[in-house]
Amino acid sequence: GAVVSQHPSWVICKSGTSVKIECRSLDFQATTMFWYRQFPKQSLMLMATSNEGSKATYEQGVEKDKFLINHASLTLSTLTVTSAHPEDSSFYICSARGNTYNEQFFGPGTRLTVL
Amino acid sequence: GENVEQHPSTLSVQEGDSAVIKCTYSDSASNYFPWYKQELGKRPQLIIDIRSNVGEKKDQRIAVTLNKTAKHFSLHITETQPEDSAVYFCAASPPGGYQKVTFGTGTKLQVIP
């Protein structure tokens, strides 16, 4: 299957700082990328859907000013957690889809810990 | 929007037995139903998927069945092995690459040696 990378794999930051997470599709063009967060022992909760070159569509309850998503190219999307707080600590996973099939390919995830 | 329910939340089986996980969905427009296996701290891995024009699909020890009328689909794992132990998620998606995938709540499968 296609390969999606995510960087960093883990990050620890102080409360109030901003953290940027990158998601890259390495061998295909991702017209759509999805950002999820996953709390321990819970399912994947979709945060937003981003299509290349357009604004992201956020799910209800997700603050767009806090979780900034950029999908500037067909191979890169970024999620920036602004002014992070301890309650933002979670496992963030991206996934990417091409435009010719339904299957989405997941990145390895980023473990964010906010102190 | 789509709502996917998954049962059971936990499942313990003896090695060699079969495991069945069931999901229901609400949106009749959904036509793609993937199943993912997720090990602790790792990314979800697609193990099998089915489209709405097919009623059953099998891949070695894994099979998925789909009942469009009843809007439910199931994962069947036969001859379970300890390495099958993981959390399994079902999901549903309408057509279109830009369409979001809605996940079930997950089933923690434990295969007892």
Side-chain angles (χ1 to χ4, degrees), chain A residues 1-6 9-10 23 25 28-62 71 74 90-111 113, chain B residues 1-10 21 23 25 27 29-54 57 59 64 66 73 86-110:
Chain A
V3 179
V4 175
S5 70
Q6 202 170 325
S9 56
W10 60 269
C23 178
S25 57
F28 71 104
Q29 293 186 328
T31 50
T32 304
M33 285 188 170
F34 304 90
W35 287 95
Y36 297 87
R37 65 188 297 181
Q38 187 177 34
F39 292 107
K41 300 183 179 180
Q42 293 189 21
S43 187
L44 290 88
M45 299 303 297
L46 181 67
M47 299 174 67
T49 302
S50 74
N51 294 298
E52 184 265 339
S54 60
K55 291 184 179 180
T57 301
Y58 289 81
E59 294 299 298
Q60 193 173 10
V62 177
H71 191 167
L74 285 172
S90 187
F91 192 51
Y92 291 87
I93 309 177
C94 71
S95 71
R97 249 178 177 173
N99 61 0
T100 57
Y101 41 75
N102 290 91
E103 183 177 353
Q104 58 177 327
F105 302 95
F106 284 90
T110 297
R111 175 78 55 193
T113 302
Chain B
E2 176 64 275
N3 181 49
V4 178
E5 295 189 355
Q6 184 172 346
H7 300 280
S9 56
T10 60
I21 302 170
C23 289
Y25 63 100
D27 188 352
S30 288
N31 72 339
Y32 176 65
F33 306 93
W35 285 88
Y36 292 91
K37 175 184 181 182
Q38 187 179 29
E39 297 176 352
L40 190 63
K42 297 191 176 180
R43 77 183 88 191
Q45 297 276 10
L46 179 70
I47 56 171
I48 196 167
D49 57 14
I50 192 168
R51 286 172 170 76
S52 59
N53 58 344
V54 176
K57 184 177 178 181
D59 183 4
V64 58
L66 171 65
F73 55 114
V87 178
Y88 291 81
F89 293 99
C90 62
S93 174
Y98 59 92
Q99 295 282 8
K100 65 183 182 182
V101 174
T102 302
F103 284 83
T105 48
T107 296
K108 183 175 182 180
L109 173 64
Q110 181 182 19

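Every heavy atom of this structure was used, including side-chain atoms; hydrogens, water molecules and symmetry mates were not. Here is how names work: the chains are called A, B, and so on, in the same order as the sequence lines, proteins then strands, and each is numbered from 1.
Using cut-offs of 30° and 60° on the angle between ring planes, the pair B/Tyr25 and B/Phe33 is tilted.
Looking at A/Phe106, both its backbone and its side chain come within 4.5 Å of chain B, counting heavy atoms on both sides. Contacts between A/Leu44 and chain B at a heavy-atom distance below 4.5 Å involve backbone atoms as well as side-chain atoms. Interface residue B/Pro44: backbone and side-chain heavy atoms are both found under 4.5 Å from chain A. Only the side chain of B/Gln38 comes within contact range of chain A, with at least one heavy atom under 4.5 Å from a heavy atom of that chain.
Here the side chain of A/Gln104 pairs no donor or acceptor atom with the backbone of B/Val101 at under 3.5 angstrom.
Applying the salt bridge (charged side-chain N to carboxylate O under 4.0 Å, His left out) criterion to B/Lys57, with sequence neighbours excluded, gives B/Asp49.
Salt-bridge formation is detected for the pair A/Glu59/B/Lys100: a Lys NZ or Arg NE/NH1/NH2 atom is positioned less than 4.0 Å from an Asp or Glu carboxylate oxygen.
When each of A/Arg111, A/Gln42, A/Met45, A/Gln38 is checked for heavy-atom pairs under 4.5 Å with chain B, A/Gln38 comes out on top.
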Starting from the C-alpha separation in whole Å, work towards a yes-or-no answer on ring-ring contact (aromatic ring centres under 6.0 Å, His included) for B/Phe103 and A/Tyr36. CA-CA 11 Å; B/Phe103 284 83; A/Tyr36 297 87; 5.5 Å; yes
